[in-house]
Amino acid sequence: MTRLAVIDFETTGISPGQGDRATEVAIVLLEDGQVVDRFQSLMNAGVRIPGFITQLTGISNAMLATAPSAAQAMADASRFVGPLPMVAHNAAFDRKFWQAELARIGIPAPQPYVCTLLLARRLYPQAPNHKLGTLVDLHRLPRTGQAHRALADAEMAAALLAHMQRDLRQRWNVAAPHCDVLLKLQSCTKAAVAKLLATAKHSIA
DNA sequence: TGCCAGGCCCTCTTTAGGGCCTT
């Protein structure tokens, strides 16, 4: 079994170090390329949402007024993920909110993070850009729900990851593109990955 | 007072700067 937890946060901004907080979290469990479970929750961290964020995400202060507390939502999310490796598009962003929100309630966040942005830059250098929506459209993957809502974006990231795993098997003959292989690919330089995929189709492990 | 992310990656590079990507 190779289970991964694909996560996406909606937040009040881009930096938890500057006081930004999560407003919604969604997690999709992916097993061998198939979605097997989902978790989604708005969360009330007791902060106001800037107007431009409401315009971007559709999440309003009124919606959060009746939402679970951030502490409750993050505790539930942590239980849902357990020790599974995690995946996100631009993982540095979601990882810092995952760690910051869990640190507030004293829960460790040791999970490794696979980054679909780093992988896409290595596997699809010809893409016009590497935004999540662009990559989903480029590979004709389904858009489910409203963009910039956590569950829709997590589902798209999961679909993108499953597509990349299929491509690694079919185009580059990587027999088992699981977590360890993905982490190795994203930690190599782009040039090293291109050489690896071109010359050593069976040796990535 | 004014400003405030940060890691990755490319290039007119490496004694640096700027675009990308996430909200």
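Residue numbers begin at 1 in each chain, while the letters A, B, ... track the order of the sequences. What you see below is based on every heavy atom in this structure, not just the backbone, and it leaves out hydrogens, waters and symmetry mates.
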Beyond-backbone contact of Met86(A) with Val81(A), side-chain heavy atoms, under 4.5 angstrom: yes
Side-chain touch Val114(A)/Leu183(A), heavy atoms, less than 4.5 angstrom: yes
Any base atoms under 4.0 Å from [X], or only sugar-phosphate, or nothing? Heavy atoms, all strands.
| X | result |
| --- | --- |
| Gly17(A) | nothing |
| Asp8(A) | sugar-phosphate |
| Thr57(A) | sugar-phosphate |
| Phe9(A) | sugar-phosphate |

Contact under 4.0 Å: His89(A) side-chain N or O vs dC21(B) OP1/OP2: no
Arg122(A) vs dC9(B): side-chain N/O to OP1/OP2 distance below 4.0 Å: yes
Taking [atom1] from [X] and [atom2] from [N], how many angstroms apart are they, rounded to a whole number?
| X | N | atom1 | atom2 | value |
| --- | --- | --- | --- | --- |
| Phe93(A) | dG6(B) | CZ | P | 13 Å |
| Asp94(A) | dA5(B) | CG | P | 18 Å |
| Ile14(A) | dC3(B) | CD1 | C1' | 14 Å |
| Ile53(A) | dT22(B) | CD1 | C1' | 11 Å |
| Leu117(A) | dT23(B) | CG | P | 11 Å |
| His148(A) | dC21(B) | NE2 | C1' | 11 Å |
| Gln146(A) | dT23(B) | CD | P | 12 Å |
| Phe97(A) | dT23(B) | CZ | P | 10 Å |

Among dC21(B), dC4(B), dT23(B), the one nearest His130(A) by side-chain distance: dC21(B)
Nearest listed nucleotide, side chain of Leu118(A), among dA5(B), dC21(B), dC9(B): dC9(B)
hydrophobic_cluster_shared for Ile7(A) and Ile105(A), side chain cutoff 4.5 Å: yes
hydrophobic_cluster_shared for Met74(A) and Leu84(A), side chain cutoff 4.5 Å: yes
Considering only the [atom1] atoms, how many Å lie between [N] and [M], rounded to the nearest integer?
| N | M | atom1 | value |
| --- | --- | --- | --- |
| dC10(B) | dT14(B) | C1' | 13 Å |
| dC4(B) | dG18(B) | P | 14 Å |
| dG17(B) | dT23(B) | P | 29 Å |
| dC8(B) | dT13(B) | C1' | 15 Å |
| dG19(B) | dC12(B) | C1' | 15 Å |

Position toward the 5' end of DNA chain B (nearest nucleotide), Leu132(A) or Gln18(A): Gln18(A)
Residue whose closest nucleotide on DNA chain B lies nearer the 5' end, Ala92(A) versus Lys131(A): Ala92(A)
side-chain contact (heavy atoms from CB on, under 4.5 Å) evaluation trace for Phe39(A) with Val25(A): CA-CA 8 Å; Phe39(A) 173 90; Val25(A) 60; 3.9 Å; yes
hbond_proxy Arg121(A) side chain to dC9(B) base (donor-acceptor, 3.5 Å cutoff): no
Audit row: His89(A), Leu135(A), side-chain contact (heavy atoms from CB on, under 4.5 Å) steps and yes/no: CA-CA 11 Å; His89(A) 195 69; Leu135(A) 292 165; 3.7 Å; yes
